[in-house]
Asker: 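Please find one structure pasted underneath; my questions will follow.
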Number of protein chains: 2
Amino acid sequence: MKKIAILGFGVVGSGVAEVLTQNKALIEKKLNEEIEIKYILDLRDFPDSPFGDRVIHDFNTILNDSEISIVAEMMGGSHPAYDFSKAALLAGKNVVTSNKEVVAKFGTELLQIANDNNVRYLFEASVGGGIPIIRPIGNDLVSNEITSIDGILNGTTNYILTQMNEHGTSFADALKDAQAKGYAEANPSADVDGVDAARKIVILSSLCFGKCISPENISCKGITEVTTDDFAVAKALGYTIKLIGHAEKIDDKIFACVSPRFVPYANPLSHISDVYNGILIGANMLDKVLFYGKGAGKLPTASAVVADIMDIVEKMDHGNHATISWVDASANDIASISEYVCKRCIITNGRAPMGQYIPDLDKTAIVTESISEEKCNELLASLESDYTVYQIL
Amino acid sequence: MKKIAILGFGVVGSGVAEVLTQNKALIEKKLNEEIEIKYILDLRDFPDSPFGDRVIHDFNTILNDSEISIVAEMMGGSHPAYDFSKAALLAGKNVVTSNKEVVAKFGTELLQIANDNNVRYLFEASVGGGIPIIRPIGNDLVSNEITSIDGILNGTTNYILTQMNEHGTSFADALKDAQAKGYAEANPSADVDGVDAARKIVILSSLCFGKCISPENISCKGITEVTTDDFAVAKALGYTIKLIGHAEKIDDKIFACVSPRFVPYANPLSHISDVYNGILIGANMLDKVLFYGKGAGKLPTASAVVADIMDIVEKMDHGNHATISWVDASANDIASISEYVCKRCIITNGRAPMGQYIPDLDKTAIVTESISEEKCNELLASLESDYTVYQIL
């Protein structure tokens with residue numbers, strides 16, 4: 001019997017209790033061991049929940065209980081989630097989390113503390129919800145050098161962009177629709193400004209390249225300026241527009257960014273619609289692999305948390321295993337956007353001296369070869385009209 | 001230092017040597033240990049290969065060498081691949097393989113022998129080439145009850161169907177094209193008759209449901225009868241046609257089949273083109289996840305074999321881990337096709353009293369609700385014209 005504590009009994013936290021209950025038999029069969037939720041830490045009480053009797057309000061009860069070997073942190077936000085996770089790891093307890101903010105900001109430190117204390121800090125649910133991605137990168141792609149990551153990492157923005165693409169809805173209306181459906185929050189900034197996607201690409205990039213760039217230090221552009229005209233241009237040229245978290249190695253440096261991009265229909269990411277997420281990994285032996293599924297939602301995300309718990313239980317009694325670790329990237333480790341070379345699409349109003357004129361829109365689309373931002377700026381300086389630029393995937 | 005032997009120095013076998021050489025540094029860094037290829041067993045000699053000095057012709061040299069802890073079998077075919085694998089496991093050596101024929105036919109026995117001898121039998125490369133699928137099912141989806149598997153499991157047939165769909169090529173011409181490109185063999189039966197896909201769905205089904213159905217005992221239909229007219233009907237109705245390996249639980253029984261199916265554009269499998277493979281797993285908590293990538297090819301497949309080797313090396317010194325096992329399915333465990341309920345599309349020549357008439361083709365397409373084969377046969381009996389029936393995914 002392994003006893004665990006859940007921190008935060010919100011959507012994901014209650015989902016973890018639900019997965020552990022509903023799939024109890026198969027989990028115990030697989031582990032040959034029971035998992036019991038001993039405590040649930042929350043500010044609130046849940047008198048009507050079947051787990052109501054386990055709700056406590058003082059984290060120290062968990063910290064001081066030597067029976068608790070695993071703490072599942074699903075509180076969200078940096079504090080006190082980070083502080084509780086750190087304290088638990090220092091106390092020799094394993095920690096699993098779905099909290100991408102904490103992993104992206106404090107992952108380096110927490111992983112180091114976990115390794116120092118011979119416990120594990122796992123975060124499968126922090127990227128891609130229920131989609132297996134963290135563990136496959138660590139276990140399955142190990143014989144490959146990973147060369148690039150491109151992900152649709154945020155379901156809310158993907159829903160909005162899908163509405164714009166399929167129904168010609170404006171950004172403002174699509175956002176309202178997403179809010180009405182509960183996909184977007186009242187303050188949608190973390191989603192539509194790309195902050196959430198930035199945290200996730202930082203986690204993936206750290207895992208693949210071993211160095212963690214602070215989310216504030218990556219080039220990050222959201223989708224608030226994407227127009228229906230941009231979609232019409234994209235469509236005319238055989239593209240759609242997706243918010244892409246991208247990371248790659250440029251020489252020995254790491255480049256990571258989030259931006260709305262033109263994605264050709266031949267790229268499997270172009271077909272990922274609505275709230276679904278997809279992560280396309282480039283690797284030197286296996287070329288490209290895509291992982292696709294529900295990037296959010298109570299039970300998918302909770303099932304990833306439970307998979308982490310099971311991983312810990314399974315290996316707990318078999319000595320210390322190769323664990324995840326990365327270091328903080330220094331300024332020298334990070335490639336700036338000026339070093340990044342890619343194809344671009346420049347959209348100008350009216351006719352331009354080059355490119356493809358689209359009469360219906362009275363716009364010209366110029367698709368460039370792979371060029372740097374500097375080279376692109378030279379090109380833009382030669383144009384006499386207003387323009388919008390999209391990177392092409 | 002761990003010493004391994006490669007059985008069969010063909011495409012995948014030589015790829016394994018290439019992956020181990022080219023990614024030597026990262027593999028050793030990850031494992032903190034070297035992997036050395038001590039022997040390569042093949043009927044031929046390879047005087048020009050950098051590995052030529054390791055080529056031997058007598059399997060007993062490997063079997064009797066206590067330094068060899070891992071045998072990588074990439075011979076293809078049932079014999080002597082099965083016999084050598086069995087002997088190696090009985091001698092306490094771990095075995096990894098890309099050989100789907102052996103895993104599908106003899107997996108139950110070989111896994112049992114591996115477990116009895118406290119070694120492992122791993123076969124990530126047997127399904128989906130370089131796509132991680134076997135280990136994710138065992139490690140990542142563990143907190144879920146798997147409810148269904150749908151896979152594009154054979155790249156050759158997917159290439160042929162893509163040509164037919166995109167260019168209106170006939171089956172015969174698309175097959176010739178695939179042969180000219182080296183995707184299909186001179187005798188293409190194992191691919192186009194669905195035999196290869198049947199072996200792979202059997203492996204996935206065994207892994208997910210714990211009981212192995214012999215590949216000969218599953219309903220298996222290839223793509224030789226698919227016509228360009230069928231594609232035209234599918235397109236008119238919003239579908240494409242894919243060769244799908246399918247497995248699900250029907251009550252407590254397992255149903256598995258291979259057949260060309262109508263796949264709606266909303267299903268991500270519909271967008272998987274050319275020689276790519278994709279496997280869509282349905283699970284009770286995370287709904288659907290898709291794994292996509294190159295389903296064949298020297299280096300992708302070899303990189304999966306090497307990932308298995310690394311998995312073994314990493315855990316070898318940490319005691320025995322939960323290993324894979326399944327039992328052979330008895331007749332009572334297997335659902336027959338008559339118990340299988342799905343939507344179907346009936347295509348008739350000329351006009352029919354129901355369905356959608358397609359004037360260009362002078363055909364009628366009748367899309368049914370989810371019905372059994374029996375119910376479908378009743379419907380067919382009421383038709384006066386010739387017909388073709390497709391299951392709909």
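Order of the sequence lines sets the chain letters (A, B, ...), proteins ahead of strands, with each chain counted from 1. Just so it is clear, the values below take in all heavy atoms, side chains as well, and ignore hydrogens, waters and symmetry mates.
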Asker: I'd like to know which of I27(B), L20(B), N139(B) tops the heavy-atom pair count under 4.5 Å against chain A.
Answerer: N139(B)
Asker: Could you check whether Y276(B) and Y292(B) have their ring centres less than 6.0 Å apart?
Answerer: yes
Asker: Counting only heavy atoms not in K249(A), do more than 12 fall under 6.0 Å of its NZ?
Answerer: yes
Asker: By a 4.5 Å heavy-atom criterion (distance strictly below it), what part of K288(A) contacts chain B: side chain, backbone, both, or neither?
Answerer: backbone
Asker: Identify which of G130(B), A307(B), S303(B) forms the greatest number of heavy-atom pairs closer than 4.5 Å to chain A.
Answerer: S303(B)
Asker: Quick one: which of L141(B), N284(B), I272(B), I131(B) has the most heavy-atom pairs under 4.5 Å with chain A, could you say?
Answerer: N284(B)
Asker: Would you call K2(B) and E34(B) a salt bridge, taking side-chain N to carboxylate O under 4.0 Å as the test?
Answerer: no
Asker: Charged N to carboxylate O under 4.0 angstrom, K253(A) versus D333(A)?
Answerer: no
Asker: Heavy-atom pairs under 4.5 Å with chain B - which of H271(A), E145(A), K294(A), K298(A) has more of them than the others?
Answerer: H271(A)
Asker: Heavy-atom pairs under 4.5 Å with chain A: which of P132(B), A283(B), G293(B) has the most?
Answerer: P132(B)
Asker: Are D308(B) and R120(B) close enough for a salt bridge, meaning some N to O gap below 4.0 Å?
Answerer: no
Asker: Would you call N23(B) and M285(A) a side-chain contact if the rule is heavy atoms closer than 4.5 Å?
Answerer: yes
Asker: Highest number of heavy-atom pairs under 4.5 Å with chain B: which of V289(A), I309(A), D311(A)?
Answerer: V289(A)
Asker: Specify which of N144(B), V306(B), I134(B) makes the most heavy-atom pairs with chain A at under 4.5 Å.
Answerer: N144(B)
